Number of protein chains: 2
Amino acid sequence: MADRTSHRAAPVHSHPDEVSILTALTALADPVRIQLVRELAGSAEWTRACGSFDVPVGKAALSHHFGVLRAAGLVEQRDEGPKRVNRLRREEFDARFPGLLDLVLREDAC
Amino acid sequence: MADRTSHRAAPVHSHPDEVSILTALTALADPVRIQLVRELAGSAEWTRACGSFDVPVGKAALSHHFGVLRAAGLVEQRDEGPKRVNRLRREEFDARFPGLLDLVLREDAC
DNA sequence: GGGACTGTATGGTTCTCATCGAACACTTCG
DNA sequence: CGAAGTGTTCGATGAGAACCATACAGTCCC
């Protein structure tokens with residue numbers, strides 16, 4: 001088999017098209033994940049590593065939350081050296097669930 | 001004190017305007033409540049009593065789910081004789097969270 | 001009044017989910 | 001190689017949600 005640059009297991013992704021509305025709503029019905037999505041929306045793509053978010057949880061819980069966001073088709077991840085950088089799947093997710101992401105991003109309060 | 005026609009405690013409602021996005025998403029992130037909202041959307045207003053829904057839970061749990069929907073500003077209830085009839089707050093909820101209700105109602109699968 | 005019907009409240013069980021600490025894997029750099 | 005940095009996995013814990021069975025409170029009709 002072909003050798004790759006990284007020997008690390010690639011993160012498992014779901015495309016928004018294969019995601020149910022229930023999964024999408026469940027993923028967004030959490031204050032920590034809402035904050036992650038919002039911060040991600042305010043940054044350029046592929047610029048934020050997982051550990052760079054200002055959330056009041058340890059890194060184990062943080063890793064779990066990113067797993068949920070990936071499974072819901074909300075976030076895409078790529079390994080860049082020792083870091084894992086993120087990208088919000090705005091267009092794809094909006095095509096599948098029009099307006100949902102806008103709603104979460106538009107709100108000020110929680 | 002003034003006597004009223006009903007001696008039953010009126011149900012506690014929340015208007016969608018006082019509801020946070022987190023509360024709204026949490027209320028909709030449940031298969032039973034999604035089904036309730038969908039059935040309600042397919043019926044005329046004030047025609048469905050709480051017990052008339054085809055959901056696989058007992059009436060105690062059902063009462064709880066309607067409480068959550070009321071608190072999220074999704075459902076309005078009124079006493080009509082021994083029954084408590086429901087109405088989906090489509091316009092009000094849509095004004096507060098544009099597109100969210102449409103999304104839940106548009107989907108076929110869960 | 002008495003009985004049937006509808007929904008709520010209470011108490012208790014079960015289950016899921018968010019969280020943490022610790023151990024582990026991989027990358028980079030000295 | 002060894003140390004530092006980043007993120008995942010595992011096991012355990014705690015909080016909250018969903019659920020049921022039962023008891024209770026109104027309403028309607030005979």
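Computation of the quantities below employed the complete heavy-atom set of this structure, encompassing side-chain atoms and omitting hydrogens, waters and symmetry-equivalent molecules. Each chain gets a letter, A, B and so on, in the order the sequences are listed, and its residues count up from 1. Keep in mind that what you see is a predicted model, and the values were worked out from it rather than measured.
- Atom CZ of A:R48 is separated from atom P of D:dT6 by 14 Å (rounded to the nearest Å).
- In this structure, the side chain of B:N86 engages the main chain of B:R48 through a donor-acceptor pair within 3.5 Å.
- Here the C1' atom of nucleotide D:dG7 and the CG atom of A:L69 are 15 Å apart, to the nearest Å.
- In this entry the distance linking CZ of A:F53 with P of D:dT6 reads 14 Å, nearest Å.
- Side-chain contact of A:R70 with A:H13: a donor-acceptor pair under 3.5 Å is absent, judged by distance alone.
- With rounding to whole Å, B:R78 atom CZ is found 16 Å from D:dT27 atom P.
- Taking 4.0 angstrom as the limit, B:S6 places a side-chain polar atom (N or O) nearer than this to OP1 or OP2 of D:dT27.
- In this structure, B:L62 atom CG and C:dT8 atom C1' are separated by 11 Å, rounded to whole Å.
- Under 4.0 Å is where a charged nitrogen must lie from a carboxylate oxygen, and between B:E45 and B:R89 no such pair does.
- The pair A:E80-A:R78 counts as a salt bridge, with a side-chain nitrogen and a carboxylate oxygen less than 4.0 angstrom apart.
- Here the P atom of nucleotide C:dT27 and the NE2 atom of A:H7 are 7 Å apart, to the nearest Å.
- Taking 4.5 Å as the limit, some side-chain heavy atom of A:E39 sits within range of a side-chain heavy atom of A:D54.
- Taking only side-chain nitrogens and oxygens, A:R84 comes nearer than 4.0 Å to OP1 or OP2 of D:dT8.
- Ionic pairing of A:E91 and A:R96 is not present here: no N-O contact between side-chain nitrogen and carboxylate oxygen is shorter than 4.0 angstrom.
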Polar atom pairs (N or O), protein with nucleotides 16-23 of chain D, under 3.5 Å:
from	atom 1	to	atom 2	distance (Å)
D:dA18	OP1	B:R33	NH1	3.2
D:dA18	OP1	B:R33	NH2	2.9
D:dA18	OP2	B:H64	NE2	2.9
D:dC19	OP2	B:H65	NE2	2.3
D:dC20	OP2	B:G58	N	2.6

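- Atom CG of B:L22 and atom P of C:dA18 are 11 Å apart (whole Å).
- In this structure, B:R8 atom CZ and D:dA25 atom P are separated by 13 Å, rounded to whole Å.
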